[in-house]
Structure formats: structure tokens, C-alpha cells
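One structure is given below, encoded as C-alpha cells.
Predicted, not measured: the structure shown is a model, and the values here were computed from it.
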Amino acid sequence: MVIDAHMHVFPDALAGKALPRMAEVAKVPYHTDGTLRDTQEKMTQWGIDKGLFLHIATRPGQHKVNDFAASIQNRHILCFGSVHPKDPDALAEMERIQALGLHGVKFHFDYQDVRMDDAAVKPLMDLAAQLGLPVTVHAGWDPYSPDHVHAPVKAIAATAKEFPRLKLIAAHMGGMMRWDEALEVLAGRENVWLDTAMAAVYCPPEKFRALLQKHGCERVLFGSDCPWDTATHELEYLRAAGLTVRQLEGITAGNISALLGLPGQ
Ligand SMILES: [Zn+2]
């Protein structure tokens with residue numbers, strides 16, 4: 001059983017446009033055509049049993065992203081919904097995310113063009129903590145917005161500290177291209193999970209190992225960031241990190257199952 005806890009997919013009508021546009025801005029290749037059908041085929045090829053798909057509301061009022069997420073969920077497809085922090089209905093929409101049966105909320109502050117330490121973000125984190133909805137944030141640098149980091153590691157650490165009941169997943173090992181800072185201020189925090197998304201592409205092996213060691217493997221989640229990398233490549237990288245079988249099993253399935261309260265494997 002392998003669960004990929006960081007994947008992306010788009011509605012068919014959007015995939016053909018969204019993916020090439022994002023790839024062009026970020027100057028990165030992609031490995032599916034962005035549709036659910038192709039992504040599921042790739043999951044089979046890559047040996048991924050379940051995928052957690054993280055959606056992003058890129059503007060206020062974009063609630064249909066959550067309807068789409070709910071419409072594609074099944075035994076193999078799990079989704080986090082999303083709200084835009086500047087959405088006047090963001091709190092109600094977060095409650096709707098839970099009512100729709102989505103498993104958590106994703107923020108990507110670079111795509112949302114809001115800083116994580118913006119005052120609008122706090123009530124959302126507070127509500128997520130109250131609802132028990134895990135939150136994933138894109139952490140650190142992003143090739144989509146290379147000159148402006150909207151979720152610096154320090155802001156993530158401050159949020160985790162302020163909301164100790166919040167289950168906070170800091171994607172990309174806690175801080176893409178900010179490995180030392182992630183190691184210093186985030187690794188080891190109790191209510192923080194790190195996902196491995198894109199580590200194979202961006203994170204040097206010695207930093208990767210140091211982060212795993214300091215944070216502890218129990219709160220690390222395997223993620224590929226598909227379509228931006230293949231699960232095969234990311235799994236290969238993870239498996240070369242010198243972990244025990246038990247640690248690997250946790251990272252590739254057990255930890256996310258426990259976090260989301262998925263039925264027994
Ligand atoms: Zn991603």
C-alpha cells in the first residue's frame with residue numbers, strides 16, 4: 001500500500017490550459033496531462049494505491065474547486081479542498097469543505113497572492129483547528145513566484161505555535177529551498193507534518209536526511225507533487241535515504257492514514 005499525499009488534478013476542461021500555463025511560468029516539466037483519467041493511469045503505473053489531491057482556490061469566491069474535489073473522491077482518490085483567505089465567505093466555505101467529506105484544506109499562498117502572516121489567515125487556521133481539519137500549506141520558495149516567498153518558514157512555525165491543536169502539514173519538507181531554516185525552526189514541532197513533495201528534485205540528500213532525523217519519521221508523509229514529478233522518481237529518492245522498513249511504511253502510508261483517520265489498511 002502506497003499513498004501519495006501530495007498530488008494535483010484538474011477538471012478536464014481546465015487541464016489542457018492550466019498545466020501548460022503553470023509550467024511556462026514556473027519553467028518546470030509535467031508528467032500527466034492534468035486530467036483525472038491520465039492521473040489514475042499513471043498512479044497504476046507508479047504503484048500508487050491512493051492519492052491525496054490538494055486543490056487550490058486561486059481567487060475569492062472560487063467555491064467550485066471544492067465541488068470538483070468532492071465529485072472525484074472515491075476509494076483511491078482523496079481530496080483536500082481550499083479557500084482563498086480574502087474570500088468573505090471563507091469560514092462558511094471551510095465548514096462546507098468538511099460537510100462535503102473532504103479531508104482537509106490546502107493553502108498555496110503564492111498562487112493566492114496573500115502572505116501567510118496576513119491577518120486574514122488567522123481565523124481560518126483557528127477554525128481548521130476547531131474543526132479538526134488538517135491544513136497543508138505550500139512552504140518556502142516556489143518556482144511560480146520565485147522572487148516573493150509568501151509562506152516563509154517562520155510564519156509556518158508561528159502558526160503551528162499559535163494553534164497547537166492545528167494539524168499543520170508543511171509541504172516540501174517544511175520549506176522549499178529553505179532547508180536550513182526548516183531544520184532550525186520547524187523540524188521537531190509536534191503539530192507539524194512534513195511532506196516530501198519534490199524533494200527528489202530540489203532537496204539535497206544530506207538536508208533531506210537531516211530533516212527526517214530531526215523531525216522524526218512519524219510525522220513525515222510521502223508526496224510526489226504529481227504532475228510536477230513522478231511518484232516513481234520521488235519514491236526512489238525516499239527509498240535511498242537509509243530508512244528502516246518500518247519508517248518507510250509509515251511515510252508511504254501509515255502516517256497519512258493515521259492523520260486522516262482512514263479505515264485500517
Ligand atoms: Zn503541490
Side-chain angles (χ1 to χ4, degrees), residues 5-6 52 54-57 60 65-66 69 78-142 149-176 178 181-197 211 214-221 223 255-262:
H6 188 142
L52 175 60
L54 308 174
H55 300 276
I56 304 164
V65 71
N66 298 321
L78 314 168
C79 293
F80 275 20
S82 185
V83 294
H84 192 283
K86 299 287 180 177
D87 186 341
D89 298 322
L91 292 171
E93 187 59 14
M94 276 190 40
E95 295 196 3
R96 200 174 74 95
I97 283 172
Q98 189 165 52
L100 284 168
L102 301 173
H103 292 270
V105 185
K106 162 83 185 248
F107 293 97
H108 194 314
F109 297 106
D110 298 284
Y111 280 88
Q112 295 175 320
D113 199 21
V114 175
R115 277 186 57 96
M116 188 174 178
D117 50 17
D118 190 290
V121 175
K122 263 187 199 192
L124 302 175
M125 296 296 176
D126 191 17
L127 181 61
Q130 284 176 46
L131 295 174
L133 272 180
V135 166
T136 297
V137 296
H138 174 93
W141 180 83
D142 190 284
V149 171
H150 292 74
V153 176
K154 282 198 176 85
I156 298 168
T159 299
K161 198 172 168 194
E162 185 170 359
F163 302 104
R165 285 173 58 210
L166 179 67
K167 297 167 184 171
L168 188 55
I169 304 164
H172 314 293
M173 296 308 287
M176 176 90 96
R178 300 293 184 270
E181 212 184 339
L183 200 56
E184 204 178 307
V185 302
L186 207 57
R189 280 193 184 275
E190 250 178 42
N191 59 328
V192 170
W193 281 253
L194 306 180
D195 85 26
T196 66
L211 279 159
K214 184 170 176 201
H215 192 61
C217 291
E218 303 72 33
R219 289 192 317 285
V220 175
L221 312 172
N255 299 344
I256 186 69
S257 291
L259 176 61
L260 302 185
L262 301 180

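- For Arg219, the side-chain contact (heavy atoms from CB on, under 4.5 Å) partners at least two apart in sequence or on another chain are Trp193, His215.
- Residues Phe80 and Ile56 fail the side-chain proximity criterion, which asks for heavy atoms closer than 4.5 Å.
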(request) Decide side-chain contact (heavy atoms from CB on, under 4.5 Å) for Gln112 and Ser82; before the verdict, give the C-alpha distance in whole Å, the side-chain angles of both, and the deciding distance to 0.1 Å. (result) CA-CA 10 Å; Gln112 295 175 320; Ser82 185; 3.6 Å; yes

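- Contacts of Asn191 classified as side-chain hydrogen bond (donor to acceptor under 3.5 Å, both in side chains), with partners at least two apart in sequence or in another chain: none.
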(request) Give the C-alpha distance, both sets of side-chain angles, the deciding distance and a yes or no for side-chain contact (heavy atoms from CB on, under 4.5 Å) between Met176 and Val149. (result) CA-CA 10 Å; Met176 176 90 96; Val149 171; over 6 Å; no

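- Applying the salt bridge (charged side-chain N to carboxylate O under 4.0 Å, His left out) criterion to Lys154, with sequence neighbours excluded, gives Glu181.
- Among Leu262, Ile169, Asp195, Ile256, the single residue meeting the side-chain contact (heavy atoms from CB on, under 4.5 Å) criterion with Leu52 is Ile256.
- Here the shortest heavy-atom pairing between Gly140 and Asp110 reads O-OD2, 4.1 Å.
- Considering only residues two or more places apart in sequence or on other chains, Glu95 meets the side-chain hydrogen bond (donor to acceptor under 3.5 Å, both in side chains) condition with none of them.
- Every side-chain contact (heavy atoms from CB on, under 4.5 Å) that Val135 has, sequence neighbours left out, goes to Val105, Phe107, Met125, Ala128, Val137, Leu166, Leu168.
- Pairing each heavy atom of Val153 with each of Val185, the nearest pair is CG1-CG2, 3.3 Å.
- With values rounded to the nearest 0.5 angstrom, Arg165 atom CZ is found 9.5 Å from Leu131 atom CG.
- In terms of the ring pair (Phe, Tyr, Trp, His ring centres under 6.0 Å) criterion, residue partners of His55 (sequence neighbours excluded) are, by chain and number, Phe68.
- The side-chain hydrogen bond (donor to acceptor under 3.5 Å, both in side chains) test applied to His108 returns His138, Asp142, not counting sequence neighbours.
- Within the 4.5 Å cutoff, side-chain heavy atoms of His84 are placed close to those of Val114.
- Without hydrogens or angle criteria, Lys106 side chain to Thr136 main chain gives no donor-acceptor distance under 3.5 Å.
- For Glu184, the CD atom sits in a loose shell: 12 or fewer heavy atoms of surrounding residues, nucleotides or ligands are nearer than 6.0 Å.
- Using a distance-only test at 3.5 Å, with no hydrogens or angles considered, no donor-acceptor pair links the side chain of His150 to the main chain of Asp113.
- Residues His103 and Leu133 fail the side-chain proximity criterion, which asks for heavy atoms closer than 4.5 Å.
- When all heavy atoms of Cys79 and Ala69 are compared, the closest pair comes out as SG-O, 3.5 Å.
- Identified under the salt bridge (Lys or Arg N to Asp or Glu O under 4.0 Å) test for residues 119-137, with sequence neighbours left out: Lys122-Glu162.
- For the pair Pro152 and Arg115, the minimum side-chain heavy-atom distance is below 4.5 Å.
- Scanning all heavy atoms of the two residues, the minimum distance from Pro85 to Val121 falls at CB-CG2, 4.1 Å.
- Closest approach of Ala57 to Val65, counting heavy atoms only: CB-CG1, 4.1 Å.
- Taking Ala139 as the reference, Ile156, Ala170 meet the side-chain contact (heavy atoms from CB on, under 4.5 Å) condition, with sequence neighbours excluded.
- No more than 12 heavy atoms of other residues, nucleotides or ligands sit less than 6.0 Å from atom NZ of Lys161.
- Checked against side-chain contact (heavy atoms from CB on, under 4.5 Å), Asn255 has the following partners two or more places apart in sequence or in another chain: Leu221, Ile251.
- Taking the side-chain hydrogen bond (donor to acceptor under 3.5 Å, both in side chains) definition, one finds that Asp118 meets it with Lys86, sequence neighbours left out.
- Heavy atoms only, all atoms of each residue included: His172 and Ala197 are closest at ND1-O, 2.8 Å.
- Qualifying salt bridge (charged side-chain N to carboxylate O under 4.0 Å, His left out) partners for Arg189, counting only residues two or more places apart in sequence or in other chains: none.
- Considering only heavy atoms from C-beta on, Glu190 stays 4.5 Å or farther from Pro164 through its side chain.
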